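Computed over heavy atoms, backbone and side chain alike; hydrogens, waters and symmetry mates excluded. In what follows, chains carry the letters A, B, and so on, assigned in the order in which the sequence lines appear, proteins first and then strands, with residues in each chain numbered from 1. Note that this is a predicted model, so its numbers are computed, not measured.
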There are 2 protein chains.
Amino acid sequence: MDVKTLCLGALTLGDASGYEIKKMFEDGPFSHFHQASFGSIYPALGKLGEAGLVSMREQSQDGRPDKKMYSITESGEVALRRKLGKTPADDRIRSEALVMFFLAEYMQPERLEKVFDGYLKSYHDKLNCMCEPDDSTLPPHRQFTRGLGRAFYQAAIDFMEENRHLLLGEEHSGDAK
Amino acid sequence: MDVKTLCLGALTLGDASGYEIKKMFEDGPFSHFHQASFGSIYPALGKLGEAGLVSMREQSQDGRPDKKMYSITESGEVALRRKLGKTPADDRIRSEALVMFFLAEYMQPERLEKVFDGYLKSYHDKLNCMCEPDDSTLPPHRQFTRGLGRAFYQAAIDFMEENRHLLLGEEHSGDAK
DNA sequence: ACCGGCATGTAACGGGTTACATGATTTT
DNA sequence: AAAATCATGTAACCCGTTACATGCCGGT
């Protein structure tokens with residue numbers, strides 16, 4: 001599944017600019033299962049436009065630069081449906097932090113602790129930005145996706161907090177803070 | 001973190017061939033936080049050898065092709081420690097299945113159900129191949145890593161089984177099997 | 001005055017996957 | 001007899017990231 005397809009998917013949520021699509025991958029609904037950078041999004045939107053799968057209109061804004069707002073077209077939806085018809089590839093995860101935990105013996109204890117705390121915090125952040133809006137107004141399949149994301153992050157946070165000692169040792173850490 | 005570093009990490013578990021390292025990424029301990037293919041592992045081992053970070057000896061086997069067994073050298077360990085000293089990059093996840101769930105409205109219900117069942121099964125499989133060996137003999141930081149992986153998969157499985165209806169509808173599914 | 005956020009784009013570079021090439025042996 | 005597992009390796013290709021290039025506006 002390439003960035004073109006992902007952009008089509010993003011545009012099913014409503015018209016958006018390249019910049020806004022990027023944010024969907026950073027903070028937004030896509031953030032916990034895919035990511036993409038400007039360098040892939042802008043060319044993708046260009047190609048989708050050439051192929052007639054999206055349309056574009058320029059929108060001037062007061063106080064901010066112009067936006068190029070993209071909309072998915074009917075043939076875009078057809079193309080999206082076709083892409084979604086293919087068997088999904090296996091999940092691909094790469095977590096350098098987990099590699100470090102796995103190889104903890106090769107790290108300095110203080111560094112390990114910093115990496116651990118940073119990792120835990122990043123999960124807290126992701127969980128927070130996934131809780132704000134009220135779920136019950138979302139269509140059920142979106143509730144499912146968000147719920148799964150939350151379950152994911154919550155389980156990881158709980159485990160990490162309860163098992164900190166396995167990785168970092170007893171550390172007379174007690175409950176200082 | 002490139003495949004070279006990952007190979008060094010894999011070799012800290014003991015000597016191994018390229019083929020065996022590949023399996024570590026497929027089924028083994030690395031499988032839930034990284035993956036790599038032959039096309040990246042073999043060249044990586046070659047380069048590591050040239051750089052003196054691993055050593056190699058050929059091992060003939062009865063009934064099977066020869067193996068090239070690699071060992072990490074002392075300078076290899078130094079290099080690994082240095083690589084692990086860098087700040088870890090953010091986790092990078094790409095899950096086509098979750099994209100499909102997110103865009104469920106654009107999929108045929110029967111296909112969606114098949115994808116869902118396949119995805120759930122793959123998680124069951126991953127969890128199973130992560131439970132067999134007895135944990136208590138592992139060093140604590142490895143218990144941590146495995147435990148986190150398990151917590152991860154278990155939470156996802158529980159959520160998916162409890163919330164199947166959100167994605168697939170009521171389906172008069174009751175408890176037929 | 002400077003930094004951060006908004007906004008778009010390009011080009012080079014790197015890295016890994018996919019596919020190809022080969023071959024023996026065991027299981028079905 | 002075919003398929004799967006064991007075993008190694010190369011080369012082309014794709015795709016995406018990183019870095020660069022540009023510019024305006026608002027807040028500190």
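- Two residues, B/M69 and A/I41, neighbour DNA chain D, and the one matched to the more 5' nucleotide by heavy-atom proximity is B/M69.
- Among C/dG16, D/dC6, D/dT8, the nucleotide with an atom closest to any side-chain atom of B/V3 is C/dG16.
- Counting to the nearest Å, the C1' atom of D/dC15 and the CD atom of A/Q35 are 14 Å from each other.
- Considering only the side chain of B/R92, D/dT17 comes nearest among D/dC6, D/dT17, C/dG9.
- Distance A/D66 CG to C/dG5 C1': 17 Å, rounded to the nearest Å.
- OP1 and OP2 of C/dT8 both lie 4.0 Å or more from every side-chain N or O belonging to A/Y19.
- OP1 or OP2 of D/dT17 lies within a sub-4.0 Å distance of a side-chain N or O belonging to A/S40.
- Rounding to whole angstrom units, CG of residue A/D2 and C1' of C/dT18 are separated by 16 Å.
- Between the OH atom of A/Y70 and the P atom of C/dA7 there is a distance of 13 Å, rounded to whole Å.
- At least one donor-acceptor pair closer than 3.5 Å links the side chain of B/R150 to the backbone N or O of B/M130.
- To the nearest angstrom, P of D/dA7 lies 15 Å from CE of B/M56.
- Looking at the side chain of A/R94, the nearest of the listed nucleotides D/dT8, C/dG16, D/dC6 is C/dG16.
- Of the candidates C/dT18, D/dG16, C/dA7, C/dT18 carries the atom nearest the B/S37 side chain, counting heavy atoms from C-beta on.
- As a whole-Å value, the separation of A/Y42 OH from C/dT8 C1' is 5 Å.
- At a threshold of 4.0 angstrom between heavy atoms, the contacts of B/E20 with the nucleic acid are absent.
- Looking at heavy-atom distances under 4.0 Å, B/E58 makes no contact with the nucleic acid at all.
- Checked against C/dA7, D/dT8, C/dT10, the side chain of A/K67 finds its nearest nucleotide in C/dA7.
- The CG atom of B/L120 sits 5.0 Å away from atom CE of B/M160, with the distance rounded to the nearest 0.5 Å.
- Atom CD1 in B/I21 sits about 13 Å away from atom C1' in D/dA7, given to the nearest Å.
- One distance of note links CZ of B/F152 with OH of A/Y153; it measures 8.0 Å at 0.5 Å rounding.
- To the nearest angstrom, P of D/dT8 lies 8 Å from CZ of B/F38.
- Between A/E26 and A/K22 there is a side-chain heavy-atom pair separated by less than 4.5 Å.
- For the pair B/D117 and B/R164, the minimum side-chain heavy-atom distance is below 4.5 Å.
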